[in-house]
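Here is the structure we will look at.
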Number of protein chains: 2
Amino acid sequence: MNTPYQDAQRLGQSAVRTAILDHAIDLLVSEGPAALTMRRIATGIGASTKVLYTMFGGKEGLADALYREGFARLRRAQQQVPQAADPLTALNDLGAAYRAHALAEPAYYRVMFEQAVPGYRPGPEALAAADHAFDASVAAVRACIDAGVFAPGDAPEISKLLWAAAHGAVSLELAGHFPPESAAHRFDALMTAVGQAFLADPDRAAHTPEQGRGRPA
Amino acid sequence: MNTPYQDAQRLGQSAVRTAILDHAIDLLVSEGPAALTMRRIATGIGASTKVLYTMFGGKEGLADALYREGFARLRRAQQQVPQAADPLTALNDLGAAYRAHALAEPAYYRVMFEQAVPGYRPGPEALAAADHAFDASVAAVRACIDAGVFAPGDAPEISKLLWAAAHGAVSLELAGHFPPESAAHRFDALMTAVGQAFLADPDRAAHTPEQGRGRPA
DNA sequence: AAGTGTGGGTAACAGCGTTACCCATGGGAT
DNA sequence: ATCCCATGGGTAACGCTGTTACCCACACTT
């Protein structure tokens, strides 16, 4: 019986790297950020901490790898959303998928946005890589503009505003400020409100936010 | 020459508590969350760590005090915004003050929203106390409704949606996703977009978001 | 004045990130 | 084939963290 480290070592350097990240992710998801220590990762795969330091340079390097992995997963989740026929529905589906992904992997979401690994701050190239998670969103906004549903405008900019709104709602939900029973409705109301501002025809009643207009849900 | 602790001790228990929190805040603001250790707080005021444990019960209790203080400061900042004549301008001023306050005290903002103190999660009553920071916002929304600027609706609910949008934009700005030169404009564009959704008359051109409609700023 | 109790300082414990030291192993040079 | 050097990894330590057991000194009661 070999340790996971010995198995991975025979497969080359990248397999060791993957084994380390996989176990780090296991610890993060199953026991939270507090369990993410260099010692526990090392003993978990049957190696010493030295391996982690030669491969990642320290906990910050490992946090960077987790940060990028988190956004890579978000990117994958966004790309796997089935394409709806109506461009506005497609954009709405991406927003819903964003929230669903954040709620499904809150540990990752906290690494990405709430500094779950205490010292780490993403560098410029990590931030740039993170932006690629929203390529699908930018494309969906552009489709809305091209279809005439949205007024002409800057698609990446509109996508970033939608991101900010989605992140704000999800972040407050995860922090406990939005109770579970109203969080989903608030998310939808906020995303609809923001999206409505960019419509070519502002009077489309079907996309008026339900909340706050006296119409009960 | 006395230590700050000895001075405060003579003034009673609450003065000791204030001295501890003041020094904790100093460390937090000047050196960031990493410097916020029980030992540094204790030696900083000239006492032993035992005092912190008898008074706050542990680091979590101290984090709770900082969390509440952060929202109390936000509440004060919101209440000190001069009341504008136009209710919509007043609401907009509160949003601008929210962002300004977050940027002025980012260490506090991270304690409040990004778990800067690693283990701490606010309890139900801390969350409830946090909500009072938005009393001014709720009142401003209600004033917009009463003045007929906003359509009839649920003022606390609309205020929470505005909060989510503001928090999302500020959070992404602090995380480095929004570069400084465009962050202010994005914040305004997002807040205007959300606010516009609740207007009684959706065609008020003055409050249409500038961004994304092809009009350069 | 003696007894009692409480608050705080000392020093320790376990665990953290990190690294200096040392050994084993493997490939290139002779 | 043999030697040598370089590199990679394990051991164990350092200084730090949050936390607490122990103990003493002071104050208040009787």
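Proteins come first, then strands; the chains are lettered A, B, ... in the order of their sequence lines, and each starts at number 1. Keep in mind that this is a model prediction, so the values were computed, not measured.
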## Note on the structure
Between Thr37(B) and Lys50(A), whichever has its closest DNA chain D nucleotide further toward 5' is Lys50(A)

### Query
Which atom pair, heavy atoms only, marks the closest approach of Ala133(B) to Arg75(B)?
CA-CB, 3.6 Å

### Distance in angstrom units between Leu36(B) CG and dT17(D) C1', rounded
12 Å

### Query
In terms of the nearest nucleotide of DNA chain D, which residue is placed more toward the 5' end: Thr49(A) or Met55(A)?
Met55(A)

#### Entry: Nucleotide dT17(D), atom C1' - distance to CD of Glu60(B) in whole Å
16 Å

### Query
Mapping Gly46(B) and Met38(A) onto DNA chain C by nearest heavy atom, which one lands closer to the 5' end?
Gly46(B)

### Base dG15(C) paired with Arg39(A) side chain (donor-acceptor, <3.5 Å)
no

### Task
Round to a whole Å and report the spacing from CD1 of Ile45(A) to C1' of dG9(D).
12 Å

### Query
Rounded to the nearest Å, what distance is computed from the OH atom of residue Tyr53(B) to the P atom of nucleotide dT17(D)?
11 Å

### Query
Rounded to whole angstrom units, what separation is found between the CG atom of Leu62(B) and the P atom of dT17(D)?
15 Å

### Task
Report the residue (Val51(B) or Ala34(A)) whose heavy-atom-nearest nucleotide on DNA chain C is the more 5′ of the two.
Val51(B)

### Query
Roughly, in whole Å, what's the span from CD1 in Ile41(A) to P in dG17(C)?
8 Å

### Task
Taking the side chain as every heavy atom from C-beta outward, state whether Trp163(B) and Leu190(A) have any atom pair closer than 4.5 Å.
no

### Message
Whole angstroms only, please: what is the NZ-P distance between Lys59(B) and dG15(C)?
### Response
19 Å

### Query
When we call it a touch if two heavy atoms are under 4.0 Å apart, what does Ser48(B) touch: a base, just sugar-phosphate, or nothing?
base

### Message
For Gln83(A), I'd like to know if atom CD has over 12 heavy atoms of other residues, nucleotides or ligands within 6.0 Å.
### Response
no

#### Entry: N/O donor-acceptor pair under 3.5 Å between Lys59(B) side chain and Pro118(B) backbone
no

